[in-house]
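What follows is a short report on a single structure.
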Amino acid sequence: MKPTKLKSESRTPSIIMNHLTEDQLPKAYDASKFENDIYAKWESSGAFKAKVNPKKKPFTVIMPPPNATGTLHLGHAVMLALEDIMVRYHRMKGDETLWLPGTDHAAIATQNRVEKNLAARNITRHDLGREKFLKEVEAFVETSKTTIRNQVRKMGSSCDWSRESYTLDAGPSLAVRTIFKSMFDDGLIYRGNRTVNWCTRCQSTLADDEVDYKEAKGKLYVFKYDKNFPFEIATTRPETKLGDTGVAVHPDDKRFKKYLNKKFDVVFAGGKKLTIEVFPDKSIDPAFGTGAVGITPAHSHVDFEMYERHAGSKAVREIKNVINEQGVVTEFDNKSVKETREEVVMYLELNGLMKEVQDITHNVGSCYRCGTTVEIILSTQWFIDVDKKIPGRNKTLKQLSIDAVKKGGIEILPEKFEKIYAHWMGNLHNWCISRQIWFGHQIPVWYCKDCKGSPIVSIETPSKCSACKSKNITQDPDVLDTWFSAGLWTFSTLGWPKKTKELEYFHPTSVLETGYDILFFWVARMILMTTYALGEVPFKTVYLHGLIRTRSGEKMSKSKPDSCIDPLDMIEKYGADALRLSMVIGGAPGNDTRLYEEKIAGYRNFVNKIWNASRFILLNVSTEDLNKKFSKKDVTSTADKWIMTRLQLLIKDSTKHIEKYNFSEAGTQIYDFLWNEMCNWYIEFSKGEHKNPAVLIHALKTTLKLLHPFVPYVTEAIWSMLGEKKFIMLEAWPQYDAGLIFNAEAKKIEHIYTAITSIRKTKSEYKIDPVKKIDATIYGGALTDLIWEKKEAIMRLGNLSNLEIAKKGEPIPQALKILAGPMEIYLPLQNMFNLEQELERITKEKKQISSELAAINGRLGNQSFVANAPKEVVAQAKEQAAQLTEQLENLSTHEKSLEKAAKM
RNA sequence: GGACGAUUAGCUCAGUUGGUAGAGCAUCUCGUUUACACCGAGAGGGUCAGUGGUUCGAGUCCACUAUCGUCCACCA
């Protein structure tokens with residue numbers, strides 16, 4: 001980026017560095033006047049763009065693509081804030097930094113949304129037909145994408161828009177078909193007739209982790225199929241019993257031994273004839289229910305697995321759906337599940353077959369997209385087999401995915417999620433990837449209507465059947481699970497399956513940052529798909545952030561408008577910088593954080609503080625000062641040395657914390673430095689005789705750079721006012737400089753601060769009007785020279801009318817005496833002096849010091865402590881004890897002299 | 001049922017190799033002195049959930065208990 005480019009695009013507020021007056025610099029920073037302009041300048045300058053640059057180290061973040069369903073919420077906002085911090089930091093550090101934005105088509109979610117919109121017009125997707133419906137969806141997605149893009153910009157996200165991607169784009173779609181074919185050829189993708197989770201509203205399958213289990217009250221029915229059946233079974237779903245093929249019991253359960261492997265022909269509700277074979281299975285708990293379980297292989301995953309285990313047994317070989325895709329019980333009266341259940345129960349009761357009905361609570365599965373109760377039905381679907389060895393690799397997909405994390409290729413932060421990941425991955429079985437909706441990547445499989453041979457799996461649309469050459473072929477109508485394409489996201493966005501330079505340079509990506517709630521849905525799928533496709537990890541680090549909750553700890557939800565915060569409202573009201581800080585500071589990685597408006601307002605105040613610190617400096621330095629290059633020689637006074645020392649430590653610590661992903665800690669430290677050390681002390685010092693423009697400017701500029709990843713807008717706004725031609729976002733990250741560390745001076749100046757604080761505190765204790773100036777005398781000891789140097793500041797900040805300074809001297813009667821490090825401070829209060837009050841104050845202080853001293857002496861008296869503790873800890877304790885002892889003696893002397901004076 | 005996390009000031013939360021507790025907000029007192037009232041100065045407020053252990057020393061490590069929460073499993 002050439003700095004000269006800036007001028008031609010000057011659309012920012014017309015703030016010119018020279019001749020600044022107070023009128024031109026408003027007292028309060030108004031974010032809304034700056035943010036959009038600054039973003040436009042950044043973007044049009046090309047500063048966000050990354051290119052393959054072998055001379056630099058790449059730093060790559062692929063943005064988790066927001067769903068194409070609509071608007072940005074706080075979950076996106078926190079993600080964008082954290083990623084932008086990482087990205088801006090690395091860019092400043094000099095890495096070639098790519099942050100690639102995109103959108104996810106979110107198959108079911110988006111289709112549902114559009115269907116809902118159509119319903120308002122009384123149209124169903126079937127009225128339109130597949131082609132027209134998809135056009136509706138595409139139109140909707142285009143609008144959503146525009147909305148999302150603008151919202152991502154609002155947050156200040158420095159992502160490379162030239163590489164924006166969408167899961168249904170040609171590139172990612174080709175990647176999807178390529179992987180599908182490859183996995184099919186490897187035997188990892190297969191078509192099978194198995195039980196699946198079925199949403200009767202979405203009319204589609206759901207993967208196991210797309211089912212939410214909610215606790216619900218239900219009934220456990222204990223009954224016999226008919227009078228001839230020898231014992232009772234128990235179920236919560238009597239209507240599914242119409243599909244029973246057997247009864248399983250524990251092989252060692254004596255009660256049922258005599259019935260084992262026997263067949264019973266029974267007549268069940270509605271005259272339904274069933275053949276029930278009693279067979280053994282070790283998974284049955286004899287203590288639960290009746291110890292006998294009716295097996296319904298078509299409507300229970302567990303029963304289906306039992307079917308697979310006992311595939312040789314006639315009892316469980318026949319499988320039939322009794323519930324269809326609409327949730328209608330076809331093997332009864334074609335009524336709903338609920339109605340059928342009632343009728344079956346009534347039948348059992350009327351015929352004396354029901355032994356008892358117990359109230360229980362159990363978990364009921366529901367669709368994570370629409371909340372409808374999920375039915376388990378038998379269906380022919382496409383699956384990924386994670387337990388099959390990959391040809392030529394001698395490992396299963398599951399093993400590959402577990403090893404990627406366990407063997408250290410991928411680090412998950414916070415670490416606790418590594419265990420959770422491993423556990424989940426270990427339990428993964430078949431991943432059902434076909435969905436019976438229209439929107440998404442249509443499965444690249446064609447069937448020949450003439451020869452009915454094997455399905456044709458192809459990357460490109462075939463024109464004829466590969467077996468019989470018939471042109472009478474049709475594509476599988478289903479689409480793929482949205483997470484299938486999302487799983488390819490780190491590399492499908494970089495051009496794969498082509499061997500692009502980008503892929504080689506930017507992949508594996510550096511960090512994947514996302515909410516822990518999609519660890520399984522997405523992160524796990526990415527690891528699985530990427531290690532399979534590329535033989536390398538998709539990312540080196542996974543950073544998981546927590547959920548943003550309301551003040552009372554609930555999940556943010558649009559149905560609760562009172563506590564639900566809209567990020568765009570907050571940006572408008574307080575600015576993006578404030579919103580970013582409110583989500584980043586004050587929480588630990590992976591922990592949920594509560595957000596509420598006062599918090600955001602608090603960080604708005606901080607942003608304003610940055611503005612005003614800068615404002616002070618701008619109004620108190622000259623153009624020449626701003627143009628001058630900082631040199632170490634400019635650091636002259638003790639206060640200068642102090643602030644420089646503190647600044648170096650800040651650079652060191654905050655950088656360390658950012659490197660370790662402790663953004664909250666880094667942000668807090670910079671916040672404290674700016675507000676407390678810069679503003680409350682150094683700038684206050686600078687108001688008098690102690691102004692040093694070079695150091696003020698250098699400290700400000702360095703702090704702004706450290707702040708920039710957190711609050712990009714306000715720092716950029718100020719940067720241009722400081723006469724800088726280049727963007728702050730392109731400045732180099734500050735480096736720790738040991739040459740600017742002045743430990744001795746820094747320590748000395750802190751004694752001066754203690755002195756000022758003690759004077760203020762004592763005046764306050766004595767209820768002296770702060771406006772009223774009083775006299776003071778300081779016996780400075782070793783600090784006497786420094787006190788002379790800072791006399792003006794001490795007087796101004798302590799609000800003194802006169803200050804006498806001496807190295808040491810006689811106690812002053814009728815005066816308050818304060819101890820501040822090695823200094824003795826006397827405040828002669830003349831007529832305000834109250835002996836009793838002063839003696840009381842001294843007693844109180846002595847008591848406090850004594851107890852502190854006792855604690856330290858206790859430790860020092862402990863031989864084990866002295867022998868075992870590190871010597872610097874012991875030395876520190878000794879020094880502290882000496883200091884406290886001295887203070888105590890000093891106070892006692894003072895006390896005695898007061899008493900003596902009183903007697904006279 | 002299994003696993004994990006949390007419990008620190010009135011509220012929201014920090015506290016990263018164990019060295020003797022912090023921030024913001026809120027509260028109280030005072031104050032518009034050449035950036036900022038979206039401010040400044042000062043104050044009060046915590047036996048760090050409980051019990052025990054390791055240690056010279058524990059908010060921090062270990063064990064158990066209590067309460068709350070999350071995830072996984074799904075007993076029909």
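Only a predicted model underlies this, so the values are computations on that prediction, with no experimental measurement involved. Sequence lines set the chain letters: A, B, ... in the order given, protein chains first and strands last, and positions in each chain run from 1.
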Inset, instruction - Evaluate the criterion side-chain contact (heavy atoms from CB on, under 4.5 Å) for residue pair A:Lys219 and A:Gln358; output intermediate values, then yes/no. - result: CA-CA 5 Å; A:Lys219 292 189 194 306; A:Gln358 299 167 9; over 6 Å; no
Inset, instruction - Locate the shortest heavy-atom distance separating A:Pro297 from A:Tyr307; write the atom from each residue and the value. - result: CB-CB, 4.0 Å
Inset, instruction - Starting from P on B:rA35, measure out to CD1 on A:Ile697 and report it in whole angstrom. - result: 18 Å
Inset, instruction - Sticking with atom C1', work out how far B:rG59 lies from B:rG46, rounded to a whole angstrom. - result: 11 Å
Inset, instruction - Select base, sugar-phosphate, or nothing to describe what A:Ile284 touches, counting heavy atoms under 4.0 Å on all strands. - result: base
Inset, instruction - Keeping to residues at least two apart or across chains, list the side-chain hydrogen bond (donor to acceptor under 3.5 Å, both in side chains) pairs with something in residues 278-297 of chain A. - result: A:Lys241-A:Thr296, A:Asp244-A:Thr296, A:Asp281-A:Ser283, A:Asp281-A:Arg309, A:Asp281-A:His310
Inset, instruction - Determine the contact category for A:Val607: base if any of its heavy atoms lies under 4.0 Å from a base atom, sugar-phosphate if only primed atoms, P, OP1 or OP2 are that close, otherwise nothing. - result: nothing
Inset, instruction - Nearest whole angstrom, please: distance from the P of B:rG19 to the CG of A:Asn868. - result: 16 Å
Legend entry - Length of the line joining A:Lys763:NZ and B:rU33:C1', which is rounded to integer Å: 11 Å
Inset, instruction - Using a 4.0 Å heavy-atom cut-off across all strands, classify A:Asn680 as base, sugar-phosphate, or nothing. - result: sugar-phosphate
Inset, instruction - Mind checking A:Phe520 for me? I need base, sugar-phosphate or nothing, with any heavy atom below 4.0 Å counting as a touch. - result: sugar-phosphate
Inset, instruction - Determine the contact category for A:Glu665: base if any of its heavy atoms lies under 4.0 Å from a base atom, sugar-phosphate if only primed atoms, P, OP1 or OP2 are that close, otherwise nothing. - result: base
Legend entry - Interatomic distance, A:Leu860 CG vs B:rU20 C1' [rounded to whole Å]: 13 Å
Inset, instruction - Taking atom P in both B:rA66 and B:rU51, compute the distance separating them and give it to the nearest angstrom. - result: 15 Å
Inset, instruction - State the dot-bracket string of RNA chain B. Criteria: Watson-Crick or G-U wobble, both atom distances under 3.5 angstrom; notation: ( ) intrastrand, [ ] crossing earlier pairs, | interstrand, . unpaired. - result: (((((((..((((.....[..)))).(((((.......))))).....(((((..]....))))))))))))....
Inset, instruction - Figure out the CD/P separation between A:Glu210 and B:rC72, and round it to whole Å. - result: 12 Å
Legend entry - Distance, rounded to the nearest Å, where A:Arg604 contributes CZ and B:rC38 contributes P: 8 Å
Inset, instruction - Just call it for A:Asn363: base, sugar-phosphate, or nothing, with non-hydrogen atoms closer than 4.0 Å on any strand. - result: base
Legend entry - Spatial distance of atom CG (A:Leu674) from atom CE (A:Met678) [nearest 0.5 Å]: 6.5 Å
Quiz: residues 858-865 of chain A side-chain donor-acceptor pairs under 3.5 angstrom, not counting sequence neighbours:
unit_1: A:Asn862; atom_1: OD1; unit_2: A:Ser864; atom_2: N; d: 2.9
unit_1: A:Asn862; atom_1: OD1; unit_2: A:Ser864; atom_2: OG; d: 3.2
unit_1: A:Asn862; atom_1: OD1; unit_2: A:Phe865; atom_2: N; d: 3.4

Inset, instruction - Tell me which nucleotide among B:rC13, B:rG42, B:rC38 gets nearest to the side chain of A:Ala28. - result: B:rC38
Legend entry - Given B:rU16, B:rC38, B:rC36, the nucleotide with the shortest approach to the side chain of A:Lys27: B:rC36
Legend entry - Presence of donor-acceptor pair under 3.5 Å, side chain of A:Lys761 and base of B:rA43: no
Inset, instruction - Inspect the contact between A:Glu665 and A:Lys660 and indicate whether a charged nitrogen and a carboxylate oxygen are less than 4.0 angstrom apart. - result: no
Inset, instruction - Please confirm whether any donor atom in the side chain of A:Arg615 sits under 3.5 Å from an acceptor in the base of B:rC36, or the reverse. - result: no
Inset, instruction - Describe the nucleic acid contact of A:Ala588 in one word from base, sugar-phosphate, nothing, applying a heavy-atom distance below 4.0 Å. - result: sugar-phosphate
Legend entry - Side-chain donor/acceptor contact of A:Asn427 with base of B:rC72 under 3.5 Å: no
Inset, instruction - For B:rG40, take OP1 and OP2 only and decide whether either is under 4.0 Å from a side-chain N or O of A:Lys609. - result: yes
Inset, instruction - Check whether any side-chain N or O of A:Asn612 sits under 4.0 Å from OP1 or OP2 of B:rC39, and answer yes or no. - result: no
Inset, instruction - Please measure how far the P atom in B:rG10 lies from the corresponding atom in B:rC62, and state the result in whole Å. - result: 28 Å
Inset, instruction - For nucleotides B:rU27 and B:rA9, find the distance between their C1' atoms and express it as a whole number of Å. - result: 12 Å
Inset, instruction - Measure the distance from CD on A:Gln863 to P on B:rC56 and round it to the nearest whole Å. - result: 13 Å
Inset, instruction - Could you tell me whether A:Phe231 and A:Phe229 have their ring centroids closer than 6.0 angstrom? - result: yes
Legend entry - Side chains of A:Glu597 and A:Tyr574, donor plus acceptor under 3.5 Å: yes
Inset, instruction - Could you check how far CD1 of A:Ile856 sits from C1' of B:rG19, rounded to whole Å? - result: 12 Å
Legend entry - Centroid-centroid under 6.0 Å between A:Trp611 and A:Phe606 rings: no
Legend entry - ring pair (Phe, Tyr, Trp, His ring centres under 6.0 Å) partners for A:Tyr713, two or more places apart: A:Trp42
Inset, instruction - Using the P atom on both, measure B:rU54 against B:rG40 and round to a whole Å. - result: 49 Å
Inset, instruction - Determine: side-chain N/O of A:Arg859 to OP1/OP2 of B:rC56, distance under 4.0 Å, yes or no. - result: no
Inset, instruction - Would you confirm whether the ring centroid of A:Tyr368 sits within less than 6.0 angstrom of the ring centroid of A:Phe521? - result: yes
Below 3.5 Å is the cut-off: list the nitrogen or oxygen pairs between protein and nucleotides 21-27 of chain B, distance only.
none

Legend entry - Closest listed nucleotide, where the reference is the side chain of A:Thr235 and the choices are B:rC56, B:rA76, B:rU16: B:rA76
Legend entry - Euclidean distance for P, B:rU20 against B:rG52 (whole angstrom): 24 Å
Inset, instruction - For nucleotides B:rG1 and B:rG44, find the distance between their P atoms and express it as a whole number of Å. - result: 49 Å
Inset, instruction - Just say parallel, tilted or perpendicular for the rings of A:Tyr259 and A:Phe256, cut-offs at 30° and 60°. - result: tilted
Strictly under 3.5 Å: I want the nitrogen or oxygen pairs between protein and nucleotides 3-8 of chain B, one per line.
none

Legend entry - Same-atom distance (P) from B:rG22 to B:rC48, integer angstrom: 14 Å
Inset, instruction - Please find out if less than 6.0 Å separates the ring center of A:Phe685 from that of A:Tyr682. - result: no
Inset, instruction - Please name the pair of heavy atoms, one in A:Thr550 and one in A:Lys555, separated by the smallest distance, quoted to 0.1 Å. - result: CG2-O, 4.1 Å
Inset, instruction - Compare side-chain N and O positions of A:Lys599 against OP1 and OP2 of B:rU12 and report whether any pair is under 4.0 Å apart. - result: no
Legend entry - Residue A:Trp424, side-chain atoms from C-beta onward, closest of B:rA35, B:rC72, B:rA76: B:rC72
Legend entry - Between A:Thr195 and A:His301, a side-chain donor and acceptor under 3.5 Å: yes
Inset, instruction - Respond yes when some side-chain nitrogen or oxygen of A:Asn662 is under 4.0 Å from OP1 or OP2 of B:rG15, and no when none is. - result: no
